[in-house]
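Start at 1 and go down the list; that is how both ligands and their atoms are numbered.
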Amino acid sequence: MISNQDSIIQVSAPGKIILFGEHAVVLEKTAIASALSLRTTVTFTPNTNNTLLLDFPDLPGFGIREWSLDEFKKLDHFPNDVDLLKPIECNELFQKELNKIIDIKGIHTFLFLFCALTKCNKAYNIKITSDLPIGAGLGSSASFCVSICAGLLKAFDTYICGGCKQCVDNGIVIDQQKQQQQFCDEQLNLINLWSLQGEKIMHGTPSGIDNAVATFGKALTFTRKNGYKILDKGIPPLRILITNTKVSRSTKTLVEGVIQRSKLFPTLIDPVSNLIDTISTQCIESFNQYHTDKDNDKLQQTMDLMFDMNQHLLSGCYGVGHSSIDTIVSITKSLGFHTKLTGAGGGGCVITLLKQDTTLDQLSSLKSTLSSNGFESWEATIGDPGVLINIFPIQK
Ligand SMILES: Nc1ncnc2c1ncn2[C@@H]1O[C@H](COP(=O)(O)OP(=O)(O)OP(=O)(O)O)[C@@H](O)[C@H]1O
Ligand SMILES: C[C@@](O)(CCO)CC(=O)[O-]
Ligand SMILES: [Mg+2]
């Protein structure tokens, strides 16, 4: 059997939208998220130069960088003794050593995962491209982490399931017919937990919802205490328009700001978080009701109200709004639609709930109004699959 180390491995993982509960989920409340059709793709190609070559065309100012593997292996806090089946956080001292090599947090994330999962025992050229806008609230960092972890675990046949048929055989491309196959649930959980360690470097104190959606896909509810739960009946046929404010911001800083505010003003912020938790649980009830009665008008009315409520709680109480978001909220409201930020806020992307019967003319009028105000928008498809893999054996 051809070893995966002699193959080109290609992995993709979806971005996400958070329907309700962003930030509150960091404070132990419930959130609901769905995978998007926009995906990050990572291609691992073995090389014989004993180097790690990174090709990140989407990362402004990064381009292509290459290092000798020995440059990492010689570091005092190299993660030599990490058990690949027991994900752990990046050692702060190791991150400090990485920072002397390159001072980009996202690259620290990559290098930590690469060193921990491969021990730098295999040389690779690794290219990462994405349909997702980076740093815009659509989970680009999570899809980045999940794709990396899934590919590196596969490259070294590291399976927590012991190597079940699905995980060992998945992805093998025969006659260029892409298999786009997934992993077993046990292996997905390992991928998810390693990805969370990567997210911790980028987000500081991530809840874990972003990497869960990127790993498992579809739509899910999430709490820090109980983890993810796939919405087994799926999301009702919601139509979502995503608009990018193109305002860059730091998820880590925004998350830290909300945590700080909740610590400083618990009597004021706890009730807000409880109300957002109620919104999330009401959304789940409304979805279940819809699956029974197919009453789209009732669902739309409830969702419209909850979009407005969650947006104003995020902006007015958590302080993660932005004037560009407010502009989009008022533009869409004037045309009869309801909008909320998604992800960390502070700019980034917002989601607008279209109606089932929104016509093409109404949609193009909405999009051109947004565009004339400098905003790019597109209708999303949600509920997409999670991490997928393809293996292309290199013909000797
Ligand atoms: N295609 C990519 N190529 C290289 N690095 C990427 C790519 N996508 C994401 N990243 C890394 O993830 C970081 C963005 O993560 P960040 O959490 O700030 O934004 P996000 O995940 O898009 O938004 P949110 O977390 O609010 O959903 C980038 O700065 C970069 O380090
Ligand atoms: C803002 C937040 O709730 C979602 C970011 O996409 C942070 C997190 O849950 O890790
Ligand atoms: Mg992120």
Side-chain angles (χ1 to χ4, degrees), residues 11-36 38-43 54-65 102-113 126-148 195-196 198-214 222-224 227-228 242 244-245 247-259 262 273 276 280 310 314 318-320 340-351:
V11 185
S12 73
K16 60 84 178 117
I17 55 168
I18 294 182
L19 279 174
F20 301 110
E22 51 271 280
H23 289 293
V25 66
V26 177
L27 304 176
E28 313 292 338
K29 305 305 179 184
T30 309
I32 301 171
S34 172
L36 285 175
L38 304 177
R39 301 179 76 87
T40 295
T41 301
V42 184
T43 306
L54 301 185
D55 179 1
F56 292 176
D58 300 333
L59 197 58
F62 184 83
I64 296 175
R65 311 272 180 104
I102 184 165
D103 63 350
I104 304 174
K105 209 178 280 297
I107 308 302
H108 298 167
T109 296
F110 179 92
L111 292 174
F112 163 65
L113 293 172
I126 297 175
K127 182 165 187 175
I128 301 185
T129 57
S130 188
D131 311 322
L132 293 158
I134 292 180
L138 298 185
S140 72
S141 66
S143 62
F144 169 85
C145 289
V146 167
S147 303
I148 293 162
S195 305
L196 177 62
E199 282 277 88
K200 285 177 183 176
I201 297 173
M202 285 204 269
H203 279 207
T205 51
S207 65
I209 189 170
D210 290 8
N211 44 281
V213 184
F222 187 92
T223 61
R224 290 190 93 151
Y228 74 96
I242 297 177
N244 189 351
T245 67
V247 172
S248 59
R249 81 288 185 270
S250 160
T251 297
K252 186 172 187 296
T253 306
L254 288 155
V255 168
E256 285 166 354
V258 173
I259 292 171
S262 70
S273 304
I276 294 175
S280 294
N310 200 171
L314 285 162
Y318 279 176
V320 293
K340 69 176 283 285
L341 67 89
T342 191
C349 286
V350 300
I351 52 178

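In the candidate list Thr253, Leu341, Asp58, Asp58 is nearest to atom 1 (N) of ligand 1, counting heavy atoms. The residue among Ser130, Gly137, Gly343, Ala142 with a heavy atom at the shortest distance from atom 24 (P) of ligand 1 is Gly137. Scanning Lys252, Arg249, Glu22 for the heavy atom closest to atom 26 (O) of ligand 1 points to Arg249.
At least one heavy atom of Gly135 sits less than 4.0 Å from an atom of ligand 1. The shortest separation from a heavy atom of Lys16 to ligand 2 is under 4.0 Å, placing the residue in contact. Distances shorter than 4.0 angstrom do not occur between any heavy atom of Gly137 and any atom of ligand 2.
Of the protein's heavy atoms, Thr251 OG1, 3.7 Å lies nearest to atom 16 (P) of ligand 1. Looking at atom 22 (O) of ligand 1, its nearest protein heavy atom turns out to be Ser140 OG, 2.6 Å. Taking atom 3 (O) of ligand 2 as the reference point, the nearest protein heavy-atom neighbour is His23 N, 2.9 Å. Distance from atom 2 (C) of ligand 1 to its nearest protein heavy atom, with residue and atom name: Ile134 CD1, 3.7 Å. In terms of protein heavy-atom proximity, atom 4 (C) of ligand 2 is closest to Ile18 CD1, 3.6 Å.
Here is the list of ligand 1 atoms found below 4.0 Å of a heavy atom in Lys16: 27 (O). Here is the list of ligand 2 atoms found below 4.0 Å of a heavy atom in Val255: 1 (C), 7 (C). Less than 4.0 angstrom separates some heavy atom of Ala136 from each of these atoms of ligand 1: 22 (O). Less than 4.0 angstrom separates some heavy atom of Ala344 from each of these atoms of ligand 1: 26 (O). For ligand 1, the atoms closer than 4.0 angstrom to any heavy atom of Asp210 are 25 (O), 27 (O). Under a 4.0 Å criterion applied to the non-hydrogen atoms of Ile209, ligand 2 contributes the atoms 9 (O). Set against the non-hydrogen atoms of Ser207, the atoms of ligand 2 under 4.0 Å away are 8 (C), 9 (O), 10 (O). Close contacts of ligand 1 with His203, meaning ligand atoms under 4.0 Å from a residue heavy atom, involve 17 (O), 25 (O). The atoms of ligand 1 that sit less than 4.0 Å from any heavy atom of Leu138 are 27 (O). Against a heavy-atom cut-off of under 4.0 Å, Pro206 is close to the following atoms of ligand 2: 10 (O). Those atoms of ligand 1 with a heavy atom of Met202 less than 4.0 angstrom away are 11 (C), 12 (O), 13 (C), 31 (O). Of all the atoms in ligand 2, the ones that sit under 4.0 Å from a non-hydrogen atom of Val25 are 3 (O), 9 (O). Annotation for ligand 2: atoms under 4.0 Å from non-hydrogen atoms of Glu22 are 3 (O).
With rounding to the nearest 0.5 angstrom, the CG atom of Leu59 is 13.0 Å from the OG1 atom of Thr129. Taking NZ of Lys340 as the start and SG of Cys349 as the end, the distance is 12.0 Å to the nearest 0.5 Å. Note that the OH atom of Tyr318 and the CD1 atom of Ile276 stand 4.0 Å from one another [nearest 0.5 Å]. Between Phe20 atom CZ and Ile32 atom CD1 the span is 6.5 Å, to the nearest 0.5 Å.
The shortest N or O to N or O distance between Asp210 and ligand 2 is under 3.5 Å. Some N or O of Gly139 is nearer than 3.5 Å to an N or O of ligand 1, by distance alone.
In this structure, the side chains of Lys29 and Ser280 stay at 4.5 Å or more apart for every pair of heavy atoms. Within the 4.5 Å cutoff, the side chain of Ile148 has no heavy atoms near those of the Ile126 side chain. Side chains of Phe62 and Leu54 form a contact here, defined as non-hydrogen atoms less than 4.5 Å apart. Looking at Glu22 and Asn310, their side chains come closer than 4.5 Å, going by heavy atoms from C-beta outward. Using a 4.5 Å heavy-atom threshold, the side chains of Ile351 and Leu19 count as touching. Side-chain atoms of Ile18 and Val25, non-hydrogen and from C-beta on, never get closer than 4.5 Å to each other.
When atom types are taken as modelled, the side chain of Arg224 and the backbone of Leu27 share no donor-acceptor pair closer than 3.5 angstrom. Checked by atom type and distance alone, the side chain of Asp131 pairs as donor or acceptor with a backbone atom of Arg39 at under 3.5 Å. A donor-acceptor contact shorter than 3.5 Å links the side chain of Asp58 to the backbone of Ser130. In this structure a side-chain-to-backbone donor-acceptor pair under 3.5 Å is present from Lys16 to Gly137.
Taking 2.8 Å as the criterion, Ser140 does not count as a coordinating residue of the Mg ion (ligand 3), since none of its N, O or S atoms falls below it.
Vertex the Mg ion (ligand 3); arms to Ser141 OG and His203 NE2; angle rounded to 10 degrees, 100°.
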Discussion item. Applying side chain to side chain contact (heavy atoms under 4.5 Å, CB included) to Thr251 and Asp210, what does each step give before you reach the verdict?
Written reply: CA-CA 12 Å; Thr251 297; Asp210 290 8; 5.8 Å; no

Discussion item. Does His23 form a side chain to side chain contact (heavy atoms under 4.5 Å, CB included) with Leu314? I'd like the steps, not just the answer.
Written reply: CA-CA 8 Å; His23 289 293; Leu314 285 162; 4.1 Å; yes

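Residue Leu254 does not touch ligand 2, judged by heavy-atom distances below 4.0 Å.
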